[in-house]
2 protein chains.
Amino acid sequence: MRLGELSERSGVSIATIKYYLRERLLPPGRRVTATQAEYDESHLRRLRLVRAMIQVGRVPVATAREVLGHVDDESLGLTMRLGAATWALPQPEDEVGDDAAAASARGTLDALLAELGWDTAREIGDLSPVHRGLVTAIATLNRLGFPLSLDELVPYARHMGEVAAHDLDLLETRPPGSEQVEAAVASAVLYDPLLLGLRRLAQEVESARRYGIT
Amino acid sequence: MRLGELSERSGVSIATIKYYLRERLLPPGRRVTATQAEYDESHLRRLRLVRAMIQVGRVPVATAREVLGHVDDESLGLTMRLGAATWALPQPEDEVGDDAAAASARGTLDALLAELGWDTAREIGDLSPVHRGLVTAIATLNRLGFPLSLDELVPYARHMGEVAAHDLDLLETRPPGSEQVEAAVASAVLYDPLLLGLRRLAQEVESARRYGIT
DNA sequence: ACTGTTGGATAGTTTCACTCTCCTGATGAG
DNA sequence: CTCATCAGGAGAGTGAAACTATCCAACAGT
């Protein structure tokens with residue numbers, strides 16, 4: 001198919017597709033002549049994934065390019081590709097600072113990982129953006145005057161641990177290959193709003209149950 | 001305290017504070033003379049909350065203004081204020097369309113709410129932005145070729161239900177009043193990245209556990 | 001009186017994600 | 001063969017969002 005059809009089938013404007021091609025979010029089509037190229041179903045799938053990452057997942061274009069680079073890196077195993085993609089995903093940009101709040105947050109997180117036996121994560125330490133993002137989040141809550149104790153944090157972590165296990169269960173039902181990696185990215189990016197939405201909904205329901213609708 | 005001190009204590013530049021004042025994210029100080037005003041601790045707290053919402057929670061300025069308006073609306077009860085704030089919070093903006101994917105997503109969500117007995121949420125139906133956000137997320141996954149069955153969705157919802165219950169337990173430990181409402185906003189906005197970070201971390205750990213580090 | 005700040009208003013600046021305009025080179029109907 | 005049409009590519013332009021910088025008159029501390 002050509003650019004026009006790709007645009008029509010995906011609902012993305014031609015100008016935007018050209019932009020994504022320029023930004024290398026979408027691999028170039030197979031060149032037919034000097035001024036024409038042919039696209040296939042994989043381009044359509046990739047385009048939809050890009051759109052989902054950017055629009056639903058709020059992932060910046062530059063970051064999306066990086067993540068997709070890891071998705072396409074066939075020299076890595078599943079775990080590493082998943083990890084690489086996760087690694088590149090957007091974190092609540094630092095601005096941590098080394099104040100007391102940050103130090104306390106680091107301590108809390110360390111204790112949490114020890115408590116749960118998540119030693120893999122502890123070894124990686126604060127090199128991981130995920131780890132740093134968590135420190136930032138806890139530190140911010142400290143600064144705001146809503147400190148999180150270990151006891152309050154552990155139940156959250158346990159639930160998210162089970163969610164993660166369920167994530168991987170679902171991933172295993174996919175045929176291995178790039179579809180599995182794409183599913184991993186979709187899971188990382190698109191399940192976020194899903195889970196948060198479910199939490200909000202549950203909060204409303206629970207609040208109504210406890211206090212009535214006043 | 002005056003602008004300069006507010007800036008120093010919060011770490012936010014004077015120019016930015018002026019911007020927030022202009023945008024009514026921060027109530028004006030108590031006027032001392034025609035060209036000078038006095039700020040207090042509540043301004044500092046509010047400023048930190050605003051920063052957290054915008055920087056960590058990625059909440060747009062206009063939305064933050066709306067949310068804070070509800071926080072300050074003392075004519076409402078706790079549930080309603082929490083609901084109002086939640087209601088105003090940013091959703092993965094629609095662009096739903098009425099295609100088959102959206103219809104199927106609506107059906108799945110309805111079934112889920114019935115299954116869990118979350119009838120309060122079902123009555124509100126698709127008026128709620130949270131509800132619509134969920135439909136968008138599920139529909140997007142459908143379109144990408146990663147359909148979510150009810151069976152796969154239910155465990156997620158149960159876990160988030162427990163998380164929400166824990167959220168409200170924590171909320172009850174706060175002294176009633178505006179601090180409680182602020183805690184509710186902080187919970188809604190700032191726990192998001194915290195939970196997502198925990199999920200990512202748990203995914204890495206679980207993946208390493210299952211498949212090794214390859 | 002002098003120096004430096006403060007609050008307020010207005011006008012930049014930066015970043016990001018597109019979107020528009022041009023241009024060259026096919027391509028297909030008549 | 002011709003001529004309007006469309007494809008692809010490159011560069012400049014646009015609009016929104018969140019700041020940031022510049023002015024200015026009115027104070028405040030010394």
Side-chain angles (χ1 to χ4, degrees), chain A residues 1-40 43 47-68 89-90 92-93 95 189, chain B residues 1-40 43-44 47-68 88-90 92-93 95 189:
Chain A
M1 90 189 80
R2 306 241 241 293
L3 240 199
E5 194 183 339
L6 190 60
S7 163
E8 227 171 294
R9 286 232 267 157
S10 63
V12 180
S13 81
I14 290 182
T16 301
I17 296 179
K18 286 180 173 182
Y19 169 64
Y20 289 159
L21 285 167
R22 233 177 304 149
E23 295 292 324
R24 303 201 317 281
L25 296 186
L26 210 55
R30 187 175 56 80
R31 299 301 296 269
V32 173
T33 75
T35 63
Q36 240 146 324
E38 179 81 10
Y39 305 92
D40 58 26
H43 288 91
L47 180 54
R48 287 208 259 244
L49 182 60
V50 166
R51 276 261 108 179
M53 287 175 76
I54 290 176
Q55 288 210 317
V56 182
R58 307 259 226 74
V59 178
V61 165
T63 307
R65 176 170 49 234
E66 198 179 340
V67 172
L68 291 173
L89 278 175
E93 271 324 310
E95 186 211 6
V189 173
Chain B
M1 90 189 79
R2 306 247 235 290
L3 238 200
E5 195 184 340
L6 189 61
S7 163
E8 228 170 293
R9 286 232 268 155
S10 63
V12 179
S13 82
I14 290 183
T16 302
I17 296 179
K18 285 181 175 182
Y19 168 63
Y20 290 160
L21 285 166
R22 233 176 303 143
E23 295 293 324
R24 304 200 318 281
L25 295 187
L26 212 54
R30 188 175 54 82
R31 299 299 298 268
V32 173
T33 74
T35 63
Q36 241 146 324
E38 179 82 8
Y39 305 91
D40 59 25
H43 288 92
L44 187 55
L47 180 54
R48 287 209 258 245
L49 182 61
V50 166
R51 275 261 109 176
M53 287 176 76
I54 290 177
Q55 289 210 316
V56 183
R58 306 260 222 73
V59 178
V61 165
T63 307
R65 176 169 49 232
E66 198 179 339
V67 172
L68 292 172
L89 279 174
E93 270 324 310
E95 187 211 4
V189 173

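In what follows, every chain begins at residue 1, and chains take the letters A, B, ... in the order their sequences are listed.
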May I ask you to check whether over 12 heavy atoms, not counting those of A:R2, lie within 6.0 Å of atom CZ?
no
For the pair B:T63 and B:M53, evaluate side chain to side chain contact (heavy atoms under 4.5 Å, CB included) and give the outcome as yes or no after the intermediate values.
CA-CA 10 Å; B:T63 307; B:M53 287 176 76; over 6 Å; no
Ignoring the backbone of A:R22, work out which of C:dT19, C:dT27, D:dC27 is nearest its side chain.
C:dT19
B:K18 NZ to C:dG7 C1', straight-line distance once rounded to whole Å:
6 Å
By nearest atom, which of the nucleotides D:dA7, C:dA17, D:dA18 is closest to the A:V61 side chain?
C:dA17
Can you tell me the distance, in whole Å, between the CD1 atom of A:I17 and the P atom of D:dA10?
17 Å
Is A:E23 atom CD crowded by more than 12 heavy atoms from other residues, nucleotides or ligands, each under 6.0 Å away?
yes
Atom-pair distance (CD1 on A:I14; P on C:dA17), nearest Å:
22 Å
Closest to side chain of B:T33, choosing from D:dT20, D:dA28, D:dA7
D:dA28
With a 4.5 Å limit on heavy-atom distance, are the side chains of B:I17 and B:Y39 in contact?
no
Send over the distance from B:Y19 OH to D:dT20 P, rounded to a whole Å.
10 Å
Could you tell me how far apart A:R2 (CZ) and D:dG8 (P) are, to the nearest whole angstrom?
7 Å
According to a strict under-4.0 Å criterion, is A:R31 in side-chain N/O contact with OP1 or OP2 of D:dG9?
yes
With respect to the phosphate group of C:dT19, does any side-chain polar atom (N or O) of A:T16 fall under 4.0 Å of OP1 or OP2?
yes
Between B:A62 and B:V32, who's closer to the 5' end of DNA chain D by nearest nucleotide?
B:A62
From CE of B:M1 over to C1' of D:dA28, roughly how many Å is that when rounded to an integer?
19 Å
When rounded to the nearest 0.5 angstrom, what distance separates CZ in A:R48 from CZ in A:R9?
7.5 Å
Select base, sugar-phosphate, or nothing to describe what A:A15 touches, counting heavy atoms under 4.0 Å on all strands.
base
B:R58 CZ - D:dA16 P separation (whole Å)
21 Å
Atom-to-atom span, OH of A:Y20 to C1' of C:dC16 - whole angstrom:
12 Å
Look at all strands and tell whether B:L21 reaches a base, only sugar-phosphate, or nothing, counting heavy atoms closer than 4.0 Å.
nothing
Do any side-chain nitrogens or oxygens of B:R51 fall under 4.0 Å of OP1 or OP2 in D:dC19?
yes
